[in-house]
Asker: 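This structure is in structure tokens; I'll ask about it shortly.
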Amino acid sequence: MELEPYFDVDSARGVALEEIEYVTYVEHPGPPVEVSVEKHGYDVSWFNPASGEFIDQKKYKGEHFTGEVPDKVILGCS
């Protein structure tokens, strides 16, 4: 399996292994990021590529994730 472009994302760009892992890139902080995902539980974290810092979020369960963007980061749901 390989990551493929994922288009069910607002305010970011995305790639995914659908039903397994979703990664979005936020170039400029702004409106909340919204991602439509398969309905099950996910570990969610933000990653700041400039600092190498991971910011873990609470676990998410559902079909439509919405998250406030902390700063120039990448969102990962796995």
Asker: To the nearest 0.5 angstrom, please state how far the OG atom of Ser36 sits from the OH atom of Tyr6.
Answerer: 5.5 Å
Asker: For residues 11-20, which residue pairs qualify under salt bridge (Lys or Arg N to Asp or Glu O under 4.0 Å), counting only residues two or more places apart or in two chains?
Answerer: none
Asker: Tell me which pairs pass salt bridge (Lys or Arg N to Asp or Glu O under 4.0 Å) where either residue lies in residues 56-66, with sequence neighbours left out.
Answerer: Asp43-Lys59
Asker: Flag the pair Val69 / Trp46 as yes when at least one side-chain heavy-atom distance between them is below 4.5 Å, and no otherwise.
Answerer: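 Yes, their side chains come closer than 4.5 Å.
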Asker: Measure across Val9 and Gly14 and return the closest heavy-atom pair with its distance rounded to 0.1 Å.
Answerer: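 For Val9 and Gly14, the tightest heavy-atom pair comes out as CG2-CA, 4.4 Å.
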Asker: Per the side-chain contact (heavy atoms from CB on, under 4.5 Å) rule, which among Val35, Val37, Ile20 passes with Tyr42?
Answerer: Val37
Asker: Taking side-chain contact (heavy atoms from CB on, under 4.5 Å) as the test, write out the residues that go with Glu34, two or more places apart.
Answerer: Asp10, His64, Thr66
Asker: Do Tyr22 and Glu38 have side chains that get closer than 4.5 Å, going by heavy atoms?
Answerer: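 Counting from C-beta outward, Tyr22 and Glu38 do come under 4.5 Å.
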Asker: Angle between ring planes, Phe65 versus Tyr60, binned at 30° and 60°: parallel, tilted or perpendicular?
Answerer: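 Answer is perpendicular, since the angle exceeds 60°.
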Asker: Please find the pair of heavy atoms, one from Ser11 and one from Val33, that lie closest to each other, and give the distance.
Answerer: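 Between these two residues, the closest heavy atoms are O-CG2, 4.1 Å.
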